[in-house]
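Reckoned from all heavy atoms, side chains included, excluding hydrogens, waters and symmetry mates. As the structure is a computational prediction, the values presented were derived from the model and not from experiment. Position 1 is the first residue of the sequence; numbering continues from there.
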Amino acid sequence: MATSTLSKVTKALLAPALALGATVGLASAPAHAAIWNSCDQWGNTSLNGYTLYNNIWGSGAGSQCVWANSGINWGVWANHPNTGGIKSYPNSKKVINKPITSITSLTSSYNVTVPAAGAYNTSYDIWDTDYDYEIMLWVNYHGAVGPLGTSQGSVSLGGHTWNVYKGSNGHNEVFSFLRTSDSTSGTVNILPVLKWIKDTKGWMGNETIGDVQFGYEITSSSGGLDFVTNNLTVSGG
């Protein structure tokens, strides 16, 4: 079931070079009362302390457009072919930039509307500032998708129960936490997850947490599907 997770950060760093040679089919964004939208491969903007990013980074991608009413209310229309491999990770990012031991609280609430078709996960993607470690929290997923690495059992942390996987994509370590049942709304206490990785498992040290991203890792959405973030808040630090 597992699919390889390539480095989204590496792809982003290569964006200027890739954009020169890449041809990504673009479509008109669906009608939304949005204050910002973009169908550009690397389209991004900052709203209300969050950075929104269209982020079509995978090979074989189709069309994708992101729209936003604010940094915490936004969505994506995506039409990616029914083939393997992650095509994109449209997301909203909040910058933290604090070592784990200096973070006193870090929580997030989410409310999403996701399609009943396609292959994707709805996930947090948390990075240290050196991009050595990637921590993914999947709150729901659908279709032929799976985490990188090997099973590490399950654990209850931050208000949810997760199946945990540990692996490497060749660029960084990846720790994936898959919620044991799908959820489209809830609150995650992120700090206990970070402390569990650092203190209980010893998989990383006192890393400086750079970004908390939330979005949709899309493998396929043939025919065009809508992913809507009705509300997202990331608090603390």
Side-chain angles (χ1 to χ4, degrees), residues 2-27 29 36-46 50-68 74-95 114-115 118-138 141-149 167-176 210-222 224-227 229 232:
T3 56
S4 295
T5 303
L6 299 175
S7 171
K8 293 174 280 296
V9 167
T10 300
K11 293 291 184 178
L13 293 174
L14 293 175
L18 291 174
L20 293 174
T23 301
V24 177
L26 297 180
W36 176 78
N37 62 74
S38 176
C39 298
D40 293 341
Q41 182 176 11
W42 310 110
N44 63 89
T45 193
S46 294
Y50 295 81
T51 299
L52 290 157
Y53 193 17
N54 201 26
N55 197 21
I56 309 169
W57 66 267
S59 61
S63 305
Q64 179 175 294
C65 300
V66 61
W67 57 267
W74 57 277
V76 174
W77 176 88
N79 184 6
H80 297 302
N82 187 23
T83 55
I86 299 161
K87 310 301 190 301
S88 66
Y89 181 62
N91 67 84
S92 179
K93 176 180 78 175
K94 187 71 174 285
V95 175
V114 291
Y120 63 87
N121 66 66
T122 303
S123 57
Y124 291 89
D125 207 7
I126 303 162
W127 292 92
D128 67 304
T129 51
D130 294 327
Y131 298 106
D132 292 325
Y133 300 98
E134 179 180 13
I135 301 151
M136 298 200 75
L137 311 178
W138 296 23
Y141 50 100
H142 186 273
V145 297
L148 188 72
S168 171
N169 58 28
H171 300 281
N172 51 266
E173 295 294 312
V174 183
F175 311 129
S176 300
D211 305 337
V212 174
Q213 304 168 10
F214 179 88
Y216 310 94
E217 198 172 49
I218 305 171
T219 293
S220 68
S221 53
S222 183
L225 298 175
D226 280 302
F227 301 78
T229 305
L232 168 73

Colleague: Looking at every non-hydrogen atom in both residues, tell me the closest pair between Trp67 and Trp74 and how far apart they are.
Modeller: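 Of all heavy-atom pairs spanning Trp67 and Trp74, the closest is O-CB, 3.1 Å.
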Colleague: Measure up the Trp42 and Tyr53 rings against each other and bin them: parallel (under 30°), tilted (30 to 60°), perpendicular (over 60°).
Modeller: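 It falls in the tilted class, 30° to 60°.
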Colleague: Give me the atom names and distance for the closest heavy-atom approach of Ala78 to Ile218.
Modeller: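 Where Ala78 meets Ile218 most closely, the heavy atoms are CB-CD1, 3.9 Å.
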Colleague: Measure the spacing between OH of Tyr141 and CD of Glu217 and express it to the nearest 0.5 Å.
Modeller: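 Taking OH in Tyr141 and CD in Glu217, the distance rounds to 13.0 Å.
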Colleague: When you measure from the side chain of Asn55 to the backbone N and O of Tyr89, does any donor-acceptor pair fall under 3.5 Å?
Modeller: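 Indeed, once roles are kept as given, a pair shorter than 3.5 Å links the two residues.
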Colleague: What are the two closest non-hydrogen atoms of Ser220 and Pro81, and how far apart are they?
Modeller: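 Scanning both residues, the minimum pair turns out to be CB-O, 3.2 Å.
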Colleague: Can you tell me how far the CG atom of Asn91 sits from the CG atom of Asn54, to the nearest 0.5 Å?
Modeller: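 The distance works out to 9.5 Å.
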Colleague: Verify, without hydrogens or angle tests, whether Asn82 (side chain) and Ser222 (backbone) share a donor-acceptor contact under 3.5 angstrom.
Modeller: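 Here the side-chain-to-backbone pair does not exist.
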Colleague: Taking atom CZ of Phe214 and atom OG of Ser92, what is their separation to the nearest 0.5 Å?
Modeller: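 These two atoms lie 9.5 Å from each other.
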Colleague: Working note: Ser46 + Thr51, criterion side chain to side chain contact (heavy atoms under 4.5 Å, CB included); need CA distance, chi angles, decisive distance, verdict.
Modeller: CA-CA 4 Å; Ser46 294; Thr51 299; 3.5 Å; yes
Colleague: Glu134 side chain to Asn172 main-chain N or O, any donor-acceptor pair under 3.5 Å?
Modeller: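 Pair absent, no side-chain N/O of Glu134 close to backbone of Asn172.
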Colleague: Looking at CG of Asn121 and CG of Leu137, how far apart are the two atoms once the value is rounded to the nearest 0.5 Å?
Modeller: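 Atom-to-atom, Asn121:CG and Leu137:CG are 10.5 Å apart.
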Colleague: For the residue pair Ala61 and Gly58, what are the closest heavy atoms and their distance?
Modeller: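 In this case the closest contact between Ala61 and Gly58 is CB-O, 3.8 Å.
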Colleague: Please examine the side chains of Trp77 and Asn79, heavy atoms only from C-beta on, and report whether any two atoms are closer than 4.5 Å.
Modeller: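 Yes. Closest side-chain heavy atoms under 4.5 Å.
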Colleague: For Gln64 and Val66, what are the C-alpha separation, side-chain angles and deciding distance, and is it a side chain to side chain contact (heavy atoms under 4.5 Å, CB included)?
Modeller: CA-CA 7 Å; Gln64 179 175 294; Val66 61; 5.9 Å; no
Colleague: Are the side chains of Tyr124 and Val212 in contact, using a 4.5 Å heavy-atom criterion?
Modeller: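 The answer is yes; the side chains approach within 4.5 Å.
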Colleague: Cut-off 3.5 Å, side chains only: do Tyr216 and Thr229 have a donor facing an acceptor?
Modeller: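 Checked: Tyr216/Thr229 side chains pair up, N/O donor to acceptor below 3.5 Å.
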Colleague: Report yes if the side chains of His80 and Ile56 come closer than 4.5 Å at any heavy-atom pair, otherwise no.
Modeller: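 His80 reaches Ile56 side chain to side chain.
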Colleague: When you measure from the side chain of Ser176 to the backbone N and O of Pro147, does any donor-acceptor pair fall under 3.5 Å?
Modeller: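 Such a contact is absent between Ser176 side chain and Pro147 backbone.
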Colleague: Could you tell me whether the side chain of Tyr120 reaches within less than 4.5 Å of the side chain of Leu225, counting heavy atoms only?
Modeller: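 Answer no - side chains too far apart.
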Colleague: Tell me whether Ser38 contacts the main-chain N or O of Asp40 through its side chain, where contact means a donor paired with an acceptor under 3.5 Å.
Modeller: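 It does hold such a pair.
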Colleague: Output the distance between atom OG (Ser59) and atom NZ (Lys87), rounded to the nearest 0.5 Å.
Modeller: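 Taking OG in Ser59 and NZ in Lys87, the distance rounds to 7.5 Å.
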Colleague: To the nearest 0.5 Å, what is the distance between CD on Gln213 and CD1 on Ile135?
Modeller: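 CD1 of Ile135 is found 11.5 Å from CD of Gln213.
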